Amino acid sequence: MHQSTEKADVVIIGGGLFGCAIAYYYTKHNPGKKIVVLERNEICNSATSRAAALVTRIRSKKYFIPLSLETYRVINDMETQLGESMDVKRVGVMHVAASENSVTALNELMKIAEEFHEPAGYISNESAQQKAPWLKTDEIITSAFMPEEAYCDPYLLGTFFARCAKMQGADIRQSIEANELILDVDTVVGVSTNSGKIFADAVVIAAGAWSPIFAAQAGIGLPMAPVRSQYWITERNDLFKNSCIVILPDAQAYARPEGGALLFGIREKNSLAVSPKKIPSDISHFIFSEDKGMHDLSEVVDSLARFFPLVYEIGLKYYVAGFSGYTPDNNLTMGIAPGVKNLFCATGDVGAGISVAGGVGLAFAEMIAGKPNPFDFSFFDITRFGNIDPFSEEWINKCALARSQKKSG
Ligand SMILES: Cc1cc2nc3c(=O)[nH]c(=O)nc-3n(C[C@H](O)[C@H](O)[C@H](O)COP(=O)(O)OP(=O)(O)OC[C@H]3O[C@@H](n4cnc5c(N)ncnc54)[C@H](O)[C@@H]3O)c2cc1C
């Protein structure tokens with residue numbers, strides 16, 4: 001392949017949702033600037049296209065909420081720009097509490113919804129049954145419904161960002177692999193790729209599960225590890241047709257309708273986590289589970305069946321798995337890279353990247369342009385765990401544990 005040397009204002013490594021979202025906002029706010037997105041496969045091929053894509057607005061971690069609200073806002077903008085609908089499914093979310101701990105957590109969540117002026121109300125078990133006809137309600141102590149919550153097609157979300165970014169001048173290159181950061185002492189000055197070097201004033205690592213490899217080149221131990229998320233899609237059944245999204249913290253599970261079927265995910269007892277160095281460049285070559293997650297499901301199925309008894313007999317048609325970047329505190333890991341100039345890390349998505357993509361895109365576009373970040377990223381600080389080795393077994397296991405203890409959607 002011909003090797004070239006060129007100059008851009010910004011280079012983004014990774015054309016997943018985060019990379020495309022940053023390119024969208026940057027080109028919108030900085031017309032005339034040259035931004036190149038490098039994607040070694042096709043855009044959004046990895047975590048993004050595999051997501052269950054709950055676009056959760058109301059969370060116990062309040063500082064995620066403004067980021068998610070921006071996602072909802074920008075979807076409208078992009079639909080107008082492209083003259084197309086993204087067909088976001090605004091079916092609402094029901095949170096179900098069947099233990100004292102979950103009731104306390106739900107009450108807290110309701111206070112947060114009120115604080116953010118988001119509609120939310122407690123509902124009876126009869127109403128819960130109507131909103132999710134497959135749900136067994138006898139053990140429910142309290143449930144609440146938030147009608148504005150939605151899920152989307154994650155691939156469409158990513159490609160809407162990419163298409164709008166292209167219309168605004170972004171140069172999105174597929175089948176181009178970033179090899180290494182080019183450094184000049186303590187400053188990142190570009191990226192070498194399989195087709196040449198691109199020098200740039202700013203470089204963003206948005207390489208999903210592979211991000212720690214690039215951060216390490218700049219001497220940064222990026223605190224995250226690729227941890228598997230997995231879910232199943234059942235065969236179709238009329239009971240699922242008009243269901244809302246359901247969050248079941250007492251089963252550490254969530255569910256949503258999917259084309260007349262039910263998509264449901266669990267937090268397995270032992271989450272699979274691997275070193276970023278061991279993941280092939282094409283994620284479709286990675287075997288996430290030899291038995292399509294059946295062993296993991298069997299370990300928690302009784303707990304899920306308390307709310308979804310049909311799980312014992314319904315046929316499971318699809319198994320989907322992918323990697324998200326998890327951290328021990330389940331907070332994102334992102335921001336301006338510490339100790340290196342001109343480097344940014346849009347990484348460590350903790351399984352919430354679809355929901356927060358709008359805010360992440362906007363935040364990085366502003367920071368790259370030298371403006372203040374409009375959001376509070378203090379909880380996402382890359383240095384918060386001190387010096388860590390992201391490739392060590394000890395660290396990877398810590399991140400895996402954080403996911404297996406997760407209760408929210
Ligand atoms: C099963 C599953 C369910 C999920 N469910 C939800 C959900 O319900 N709600 C939610 O909000 N989030 C969910 N997520 C999380 C969400 O998918 C991610 O947060 C989001 O997709 C992250 O986007 P990203 O751009 O960081 O990563 P990715 O989409 O993985 O993109 C990274 C890109 O970088 C590219 N790349 C890597 N190395 C290089 C290189 N050297 N050169 C060029 N390109 C490179 C890769 O090919 C890839 O395309 C889920 C994730 C999974 C796996």
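Just so it is clear, the model here is predicted, and its values are computed rather than measured. First listed ligand is number 1; within each ligand, the first listed atom is number 1.
- At least one heavy atom of Ile176 sits closer than 4.0 Å to an atom of ligand 1.
- At under 3.5 Å, a nitrogen or oxygen of Asn45, whether backbone or side chain, sits near a nitrogen or oxygen of ligand 1.
- Between the CG atom in Leu362 and the CD1 atom in Ile22 there is a gap of 10.5 Å [rounded to 0.5 Å].
- The side-chain heavy atoms of Ser355 and Phe64, taken from C-beta on, include no pair separated by under 4.5 Å.
- One finds the CG atom of Leu332 at 8.5 Å from the NZ atom of Lys61 (value rounded to the nearest 0.5 Å).
- Going from atom NE2 of His117 over to atom CD of Glu148 covers 14.0 Å, rounded to the nearest 0.5 Å.
- Against a heavy-atom cut-off of under 4.0 Å, Gly16 is close to the following atoms of ligand 1: 25 (O), 29 (O), 31 (O), 33 (C).
- Inclusion of Asp349 in the set of residues having an N or O under 3.5 Å from an N or O of ligand 1 is warranted.
- Remark: among candidates Ser324, Ala209, Ser229, Pro276, the nearest residue to atom 15 (C) of ligand 1 is Ser324, based on non-hydrogen atoms.
- Considering backbone and side-chain atoms together, Ala321 places no N or O closer than 3.5 Å to any N or O of ligand 1.
- In terms of N/O distances under 3.5 Å, ligand 1 is not approached by Cys44.
- Comparing heavy-atom distances from atom 47 (O) of ligand 1 across Glu39, Arg50, Glu42 singles out Glu39 as nearest.
- The closest donor-acceptor contact from the side chain of Asn41 to the backbone of Ser281 lies under 3.5 Å.
- In this structure the side chain of Phe288 never reaches within 4.5 angstrom of the side chain of Gln230, judged on heavy atoms.
- Among the atoms of Gly208, none of the N or O lies under 3.5 angstrom from an N or O of ligand 1.
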